[in-house]
Each structure stands twice: as C-alpha cells, then as structure tokens.
There are 2 protein chains.
Amino acid sequence: MKLLEIIKSLSNETRLNILEWLKDPFNHFPEEELSEYTPELGVCVSDIAKKAGMSIPTVSDYLKTMSAANILIATRRGQWTYYRRNEKSIQELSEFIKNKL
Amino acid sequence: MKLLEIIKSLSNETRLNILEWLKDPFNHFPEEELSEYTPELGVCVSDIAKKAGMSIPTVSDYLKTMSAANILIATRRGQWTYYRRNEKSIQELSEFIKNKL
DNA sequence: CAGGTATTTAGATAATTACCTAAATTTGTA
DNA sequence: TACAAATTTAGGTAATTATCTAAATACCTG
C-alpha cells in the first residue's frame with residue numbers, strides 16, 4: 001500500500017471523476033459505445049477520453065497513473081485497453097485511512 | 001466533504017507525515033518541547049517545522065492547507081498556534097472512500 | 001510602549017503536474 | 001503485407017505546487 005502514490009493518483013478532478021464514472025459505466029457512458037463492455041473488462045480509453053472531454057493521450061496517461069497506483073485494473077483486449085476499478089484496493093485505502101493514517 | 005481539496009491537502013509526503021506524527025505527539029516530538037502540550041490543543045507550528053526539517057513558513061502553509069481542508073484543527077493560544085488532527089473528518093474521509101467514491 | 005518570540009503573508013524561483021500535438025507502436029484485417 | 005484503428009510514448013508549454021528568505025503581524029511582558 002503506497003499511500004502517497006495512491007493519493008497522488010487521486011489528486012486531480014478528472015481522475016477522481018473517472019473513478020466515479022467507472023463505478024457505474026452504464027450510467028455514464030453511452031450504451032452504444034459500450035458494445036464491448038463487460039464488467040469483467042471495464043471501459044476503453046477513447047470512451048473515457050470522450051466523456052472527460054480531454055485528449056486521448058492525456059487520459060491514457062491518467063489511466064496509466066491510476067493503474068500504477070493499483071486503483072484501476074487494465075486489460076488489453078486486441079487493440080483496446082479496458083480499465084475498471086480495483087475495488088479491493090479502494091477498500092484497502094479506506095481501511096488504511098481509518099486505522100493507520 | 002470537499003474530496004478533492006482533502007486529497008490535495010494529503011498529496012505531499014511531509015503533510016502526510018505531519019498527520020501521522022500528530023496521531024501520537026508524545027512519540028514524535030521531544031517532551032520538553034511539548035511542555036504546553038495538551039491533547040486539547042495539539043502541537044505548535046515551530047515544533048512541527050523542526051521535526052519536519054523544513055522552514056517555518058513552509059510548514060505554516062502546509063498546516064493552513066490541511067486545516068482549510070478540515071483535516072487538522074488549529075487553535076491559537078497566545079502567540080502559538082496549535083494544530084491537532086480532526087479525527088472526525090479523517091473518519092468521514094475513510095467512509096466516503098468506502099461508500100461513495 | 002519597546003523588545004522579543006511565534007506565526008503569517010509576500011514575493012521569488014525551482015520542481016512538478018497538466019495536458020496538448022505529433023510520432024511511434026500494437027493489433028486486427030483485407 | 002499494407003492499411004486502419006486504438007493506444008502509448010515523446011516532447012513541449014502552461015499552470016500549479018514546493019519551498020525558501022524577507023517583511024509584516026500578533027501577542028506577551030517588563
């Protein structure tokens with residue numbers, strides 16, 4: 001649990017938003033763009049970038065930062081990279097703050 | 001609960017350290033410097049700056065940032081400003097991450 | 001009120017982060 | 001193999017954050 005790295009990965013409004021959107025993708029991404037979506041995989045980079053209204057490279061980097069911190073999980077499937085939340089890590093973060101911080 | 005403001009206030013190694021030190025001041029600050037210490041009040045700016053090995057203005061600003069985010073509580077007592085943890089807010093943060101984030 | 005101590009505010013520069021475009025890479029497909 | 005789509009990597013500038021010194025405030029005390 002690298003607390004500082006995790007906190008830094010969350011210290012940006014767009015990255016926090018992404019985490020919230022991924023909590024309920026069907027509610028936040030147009031269904032037709034989720035054709036490939038399964039909860040197993042998550043949402044692909046370009047759909048997230050479109051929703052965020054930011055460039056794909058920027059969002060790609062955000063997502064990489066968050067998976068490096070283990071808050072998101074990336075799955076490459078063909079030419080797409082899907083990202084989903086790492087619920088276990090998020091709960092661990094909550095517990096760490098509750099008991100150790 | 002301004003999540004982003006709170007997270008930003010914690011996204012710095014020294015500020016995280018301060019929060020941990022304040023969890024148990026007697027263990028982290030020389031007793032003679034805590035002569036005025038009571039758990040009611042916390043620890044004063046210059047003691048924290050000395051422990052952090054940073055300048056007083058820098059640490060003063062850190063502490064201000066963290067109290068603005070409501071993670072610390074400041075009490076002015078004469079010429080000293082004492083800072084202590086806001087345990088309630090820290091627990092709220094943990095709960096927010098657990099349930100809402 | 002004068003001097004002293006603690007803190008805060010101002011003002012600067014260095015370092016880091018944000019975020020873009022262009023180029024390179026990866027993978028599917030004709 | 002060659003082209004197209006998705007993503008990542010590079011490289012650059014703008015914005016923010018880090019952190020210092022100097023100056024200004026606050027408050028105590030004789």
Side-chain angles (χ1 to χ4, degrees), chain A residues 2 4-19 22 29-30 32-38 41-69 71-84, chain B residues 2 4-19 22 29-30 32-38 41-69 71-84:
Chain A
K2 292 179 186 164
L4 183 59
E5 184 185 14
I6 293 172
I7 288 180
K8 283 190 170 184
S9 83
L10 300 178
S11 66
N12 169 284
E13 185 163 18
T14 303
R15 290 196 297 266
L16 271 185
N17 285 335
I18 290 171
L19 198 56
L22 290 179
F29 299 91
E32 61 275 21
E33 312 212 5
L34 289 175
S35 50
E36 305 278 343
Y37 172 78
T38 74
L41 296 179
V43 181
C44 73
V45 177
S46 40
D47 287 354
I48 298 172
K50 180 186 284 183
K51 168 80 176 174
M54 303 190 80
S55 77
I56 289 174
T58 296
V59 170
S60 172
D61 186 62
Y62 283 174
L63 295 168
K64 201 171 85 164
T65 299
M66 287 191 280
S67 3
I71 282 299
L72 295 184
I73 297 169
T75 310
R76 181 90 186 197
R77 205 45 136 242
Q79 43 201 146
W80 293 274
T81 306
Y82 295 93
Y83 286 91
R84 65 185 188 281
Chain B
K2 292 179 185 165
L4 183 59
E5 184 185 14
I6 292 171
I7 288 180
K8 283 189 170 185
S9 84
L10 299 178
S11 67
N12 169 286
E13 185 164 18
T14 302
R15 289 196 297 265
L16 270 185
N17 285 336
I18 290 171
L19 198 56
L22 289 179
F29 300 91
E32 61 274 22
E33 314 213 4
L34 290 174
S35 48
E36 305 279 343
Y37 173 80
T38 73
L41 297 179
V43 181
C44 71
V45 176
S46 41
D47 286 354
I48 297 173
K50 180 187 283 184
K51 169 80 176 175
M54 304 190 79
S55 77
I56 288 175
T58 295
V59 170
S60 172
D61 186 63
Y62 282 173
L63 295 168
K64 200 171 85 164
T65 299
M66 287 191 281
S67 1
I71 282 300
L72 294 185
I73 297 169
T75 310
R76 181 89 186 197
R77 205 45 136 243
Q79 44 203 146
W80 292 275
T81 306
Y82 296 93
Y83 286 92
R84 65 185 189 280

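From a predicted model like this one, the values you see are computed outputs, not experimental measurements. Atoms considered below: every heavy atom in the structure, side chains included; atoms not considered: hydrogens, waters and symmetry mates.
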field: Least distance between heavy atoms, Tyr82(B) atom then Arg77(B) atom
entry: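 Result for this residue pair: CE1-CB, 3.6 Å.
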
- request: Please report the closest heavy-atom contact between Phe29(A) and Ile48(A), naming both atoms and the distance.
  value: CE2-CA, 3.8 Å

- request: Give me the first and last nucleotide of DNA chain D, going 5' to 3', that has any atom under 4.0 Å from a heavy atom of chain A.
  value: dA5(D) to dT9(D)

query: Is the phosphate of dA18(C), meaning OP1 or OP2, less than 4.0 Å from a side-chain N or O of Asn12(A)?
result: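 So the side-chain polar atoms of Asn12(A) do come within 4.0 Å of the phosphate oxygens OP1 or OP2 of dA18(C), strictly under.
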
Quick one: does [X]'s side chain get under 4.5 Å of [Y]'s, heavy atoms only?
{"X": "Tyr62(B)", "Y": "Met54(B)", "result": "yes"}
{"X": "Leu19(B)", "Y": "Leu72(B)", "result": "yes"}
{"X": "Asp47(A)", "Y": "Lys51(A)", "result": "no"}

query: CZ of Arg15(B) to CD1 of Ile7(A): how many Å apart, nearest 0.5 Å?
result: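 Those atoms lie 10.5 Å apart.
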
- prompt: Rounded to the nearest 0.5 Å, how far does CG of Leu41(A) lie from CZ of Arg84(A)?
  reply: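 One gets 7.0 Å once the value is rounded to the nearest 0.5 Å.
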
message: Go nucleotide by nucleotide along DNA chain C from the 5' end; which of Met54(A) and Arg77(A) gets its closest nucleotide reached first?
response: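 The answer here is Met54(A).
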
message: Whether the side chain of Arg76(B) engages the backbone of Gly78(B) through a donor-acceptor N/O pair (distance < 3.5 Å, no angle test) should be reported.
response: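 Yes; judged by distance alone, with no hydrogens or angles, the pair exists.
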
- prompt: How many Å lie between CD1 on Ile7(A) and P on dT16(C), as a whole number?
  reply: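 Taking CD1 of Ile7(A) and P of dT16(C), I get 19 Å after rounding.
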
- prompt: To the nearest Å, how far apart are Leu16(A) CG and dA18(C) P?
  reply: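 After rounding, the reported distance stands at 11 Å.
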
Give me the distances for all protein-to-nucleotides 6-12 of chain C N/O pairs that come in under 3.5 Å?
residue, atom, partner, partner atom, Å
dT7(C), OP1, Val45(B), N, 3.1
dT7(C), OP1, Thr81(B), N, 3.4
dT7(C), OP2, Ser46(B), N, 2.8
dT7(C), OP2, Ser46(B), OG, 2.6
dT7(C), O3', Thr81(B), OG1, 3.2
dT8(C), OP1, Thr81(B), OG1, 3.4
dT8(C), OP2, Ser60(B), OG, 2.5
dT9(C), OP2, Lys64(B), NZ, 2.9

